[in-house]
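Just so it is clear: chains get the letters A, B, ... in the order the sequence lines come, proteins before strands, and each one is counted from 1.
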Number of protein chains: 2
Amino acid sequence: MKKIDIFKKLRSSGLRPTKQRVEIAKFLFERDKTFHFTIESLDKLLAKKTTSRFALATIYNTVHAFKKAGHLSEVDVRGKKTYFDTNISNHHHFYDNETSELIDIDASEVVIQKIPKAPNGKKIKNVEVFINLKN
Amino acid sequence: MKKIDIFKKLRSSGLRPTKQRVEIAKFLFERDKTFHFTIESLDKLLAKKTTSRFALATIYNTVHAFKKAGHLSEVDVRGKKTYFDTNISNHHHFYDNETSELIDIDASEVVIQKIPKAPNGKKIKNVEVFINLKN
DNA sequence: CTCCTAGTTTATAATAATTCTAAAGTAAAA
DNA sequence: TTTTACTTTAGAATTATTATAAACTAGGAG
């Protein structure tokens, strides 16, 4: 994804393309594979990769802005830290407890044959399959 | 579950049946239906139900001891608080975002037809299905 | 191009959930 | 009954996250 596209992506979602947002967006979205991270890991990786310095609050702000705009999704993982995912399509996850690592599973890789009805007055928003791994 | 059984349950899992543990265990396990809670909600409910007072640290200690002994399970829910479940059998959950409420789904209610292989060198520990609800 | 304004970044403080600590208390073995 | 190891407790410490308020900046108005 080129810089011009990053600009478009930000603009179209009502986000001013500031220096910080562009740098973080480039880091997150200029990838072939999907990327999973926590704020902490992102902070460390950005510190290594770029010469700029980002306040932690900026990383929180930016990641949440991207999430709100639909450019990032949040993953349900047990634990204190919040995990984010650059893959925003409907999909599932492996979770490796040993390494605290998430791996995407394409929606087509999982077929559910039977599922219960939603309780009275409620509807099913989405179904997440979470496969815990061991060695 | 009678008091004597609570004693046995604690003893058999290497936990001294102290006053606090017995009271908390009675509150958690003397139920027909499974019970979902966070430390905060348990603390409030205990404060209402019993005359005794428990230090918050004791509730944390006790709940973790029960979990370690296999009497409670922990549920993956996105958010800051940790959810626990008195249902320790393999099962799934509905999650109502509006009310932050969990509802158990019996393992037999969900049939998965197709699932990907675990990555190289890893095995599947368990599969959790999490159904998000909306109104 | 320059000024203005609303949106942004930043360092730091505040909050929330949880864990740690060390002293006082208690269960159960000796 | 005494001893010892395990528990409880209040409060401090830690960790992740959010709020605050002052300094900064992008982009439009003139």
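- At whole-Å resolution of the value, CZ in A:Phe84 and C1' in D:dT17 are 10 Å apart.
- Here the C1' atom of nucleotide D:dT9 and the CD1 atom of B:Ile59 are 12 Å apart, to the nearest Å.
- Checked against C:dT10, D:dT18, D:dT8, the side chain of B:Lys80 finds its nearest nucleotide in D:dT18.
- Mapping B:Tyr60 and A:Gly14 onto DNA chain C by nearest heavy atom places A:Gly14 closer to the 5' end of the strand.
- Here the C1' atom of nucleotide D:dT17 and the CD atom of A:Glu74 are 12 Å apart, to the nearest Å.
- Comparing atom distances between the A:Arg21 side chain and each of C:dT18, C:dT8, D:dT17 picks out C:dT8 as nearest.
- Shown here is B:Lys114, whose NZ atom has more than 12 heavy atoms of other residues, nucleotides or ligands within 6.0 Å.
- Remark: aromatic rings of B:Phe130 and B:Tyr95 are close, center separation under 6.0 Å.
- If you take CD of B:Glu40 and P of C:dT18, they are 9 Å apart, rounded to a whole angstrom.
- Under the side chain to side chain contact (heavy atoms under 4.5 Å, CB included) test applied with B:His93, the options B:Val75, B:Ile103, B:Ile131, B:Ile105 reduce to a single match, B:Val75.
- A close approach under 4.0 Å does not occur between any side-chain nitrogen or oxygen of A:Gln20 and OP1 or OP2 of D:dT25.
- Atom-to-atom, CZ of A:Arg53 to P of C:dT9 comes out at 16 Å; the value is rounded to the nearest Å.
- Nearest-nucleotide assignment on DNA chain C puts the 5′-proximal partner with A:Ala57, out of A:Ala57 and B:Thr38.
- Among the atoms of the strands shown, only primed sugar atoms or phosphate atoms (P, OP1, OP2) are found under 4.0 Å from some heavy atom of B:Thr18.
- Ranking C:dT18, C:dT9, D:dT9 by closeness to the B:Ile39 side chain, first place goes to C:dT18.
- Looking at B:Glu40 and B:Lys44, a side-chain N of the basic residue comes within less than 4.0 Å of a carboxylate O on the acidic one, giving a salt bridge.
- Per the geometry, OH belonging to A:Tyr83 stands 10 Å off P belonging to D:dT17, to the nearest Å.
- The nucleotide whose nearest atom lies closest to any side-chain atom of A:Arg16 is, among C:dT26, D:dA16, C:dG7, C:dG7.
- When distances are taken from the side chain of A:His64 to each of C:dT18, D:dT18, D:dT17, the shortest belongs to D:dT18.
- Rounded to an integer number of Å, the gap from B:Asn61 CG to C:dA22 P is 16 Å.
- With rounding to whole Å, B:Phe54 atom CZ is found 8 Å from D:dT9 atom P.
- Regarding contacts with the backbone of D:dT7, every side-chain N or O of B:Thr58 stays at 4.0 angstrom or more from both OP1 and OP2.
- In summary, the aromatic rings of B:Phe29 and B:Phe66 are positioned with their centroids under 6.0 Å apart.
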